[in-house]
Amino acid sequence: MRSDPTVYNDEVLDAAVAAVRERVGWAPEMALILGSGLGRLAEAADETTIVPAAEIPGYPESTVEGHSGKLVFGTLEDTRVVFVQGRVHLYEGYPVQQIAMPVRLVRALGAERMLVTNSAGGINRTFESGTLMFITGHLNMAFASPGVGAGEVPDRAHADAADSFYDPAWTNRAEQVALDLGLEARRGTYAWTLGPNYETKAEVRALEHLGADAVGMSTVPEVLQAHKLGMTVLGLSTITNPAAGLAAGTLDHDEVLEVSERVRGGLMKLVRGLVRVADE
Ligand code: HPA
């Protein structure tokens, strides 16, 4: 069953590509998907052209604070990039296929690499707020995929590739960049939950047993889509808070935005470095 029959309509994607190409005369090499509170990373780019989501046919509009929807095209470290600002989440009510539409768009525009960022709750007890985590694997705890309804069938090649949704070579180089910058960067497994509720303490305990190091409400649909389209992916989480039950106090979205803001300087330098080492 397709949750939205227009999602895989090539004409919709073609119209989106045409709308962007009317405004931007060059092809991006890399896409950077910006998570909660990280939208300002796009300010690092030079010679930017902004395309608001509202001007792109079929593009999903975010409803969450800190997620204004736009594509920012520009140059970063001599690389032509597109920042995807204002991602949408499954909890906003969009079909998962729609959530992955920006990835299909940037791929169709030419991007072969994707750096995906997010804010996440820390499950690994050695992760403090502000820790940066390179994603080396994920748990799909929303049990959803943009491949559903796309005519894909389970195949062995896909299963074999499942451990390398996140490019090991780019991740290794990225880790060295972080080290050189003196940043606290770790590796770990990201669990994707539906939201919008933060997890219960019981869920966090369960996720810990399942091997998750961090938990959040995004990223996996974009990564599944990028992988399907043959893109090379690097995943980076900012741990903005201990997951529910792992520290005193209650969680709120403002805290997430505040910690994202605090680490932004270091993250900006890191992201530049990650772009620089993408192709080595
Ligand atoms: N849980 C889920 N998503 C999140 C969290 C969290 O604790 N922090 C930031 N995004």
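What you see below is based on every heavy atom in this structure, not just the backbone, and it leaves out hydrogens, waters and symmetry mates. The first residue in the sequence is number 1, and the count goes up from there. In each ligand, atom 1 is the first atom listed, and ligand 1 is the first ligand listed.
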Over all heavy atoms of both residues, which pair between Phe73 and Pro28 is shortest? Give the atoms and the distance, please. CE2-CG, 4.1 Å
Just which atoms of ligand 1 are under 4.0 Å from any heavy atom in Met217? 2 (C), 3 (N)
Between the side chains of Thr126 and Arg186, does any donor sit under 3.5 Å from an acceptor? yes
Check Glu199 against Met217 and note the closest heavy-atom contact, atom names and distance. OE2-CE, 4.4 Å
Within the structure, does Gly121 bring an N/O atom to less than 3.5 angstrom of an N/O atom in ligand 1? yes
Considering both backbone and side-chain atoms of Thr193, is one of its nitrogen or oxygen atoms within less than 3.5 Å of a nitrogen or oxygen in ligand 1? no
Leu71 vs Val24 side-chain heavy atoms within contact, under 4.5 Å: no
What atoms of ligand 1 come within less than 4.0 Å of a heavy atom belonging to Glu199? 1 (N), 2 (C), 6 (C), 7 (O)
Check each atom of ligand 1 against the heavy atoms of Thr240 and keep those under 4.0 Å away; list them by number with element. 8 (N), 9 (C)
Contact partition for Ala120 relative to ligand 1, non-hydrogen atoms under 4.0 Å: backbone
Atom 10 (N) of ligand 1: of Ser119, Gly216, Pro242, Gly122, the nearest heavy atom sits on Ser119
Salt bridge or not between Glu208 and Arg205? Use side-chain N to carboxylate O under 4.0 Å. no
Going by the order shown, which atoms of ligand 1 are within less than 4.0 Å of some heavy atom of Asn241? 5 (C), 6 (C), 7 (O), 8 (N), 9 (C)
Can you list the steps and then say if Met141 with Leu210 is a side-chain contact (heavy atoms from CB on, under 4.5 Å)? CA-CA 11 Å; Met141 303 308 289; Leu210 292 173; 3.8 Å; yes
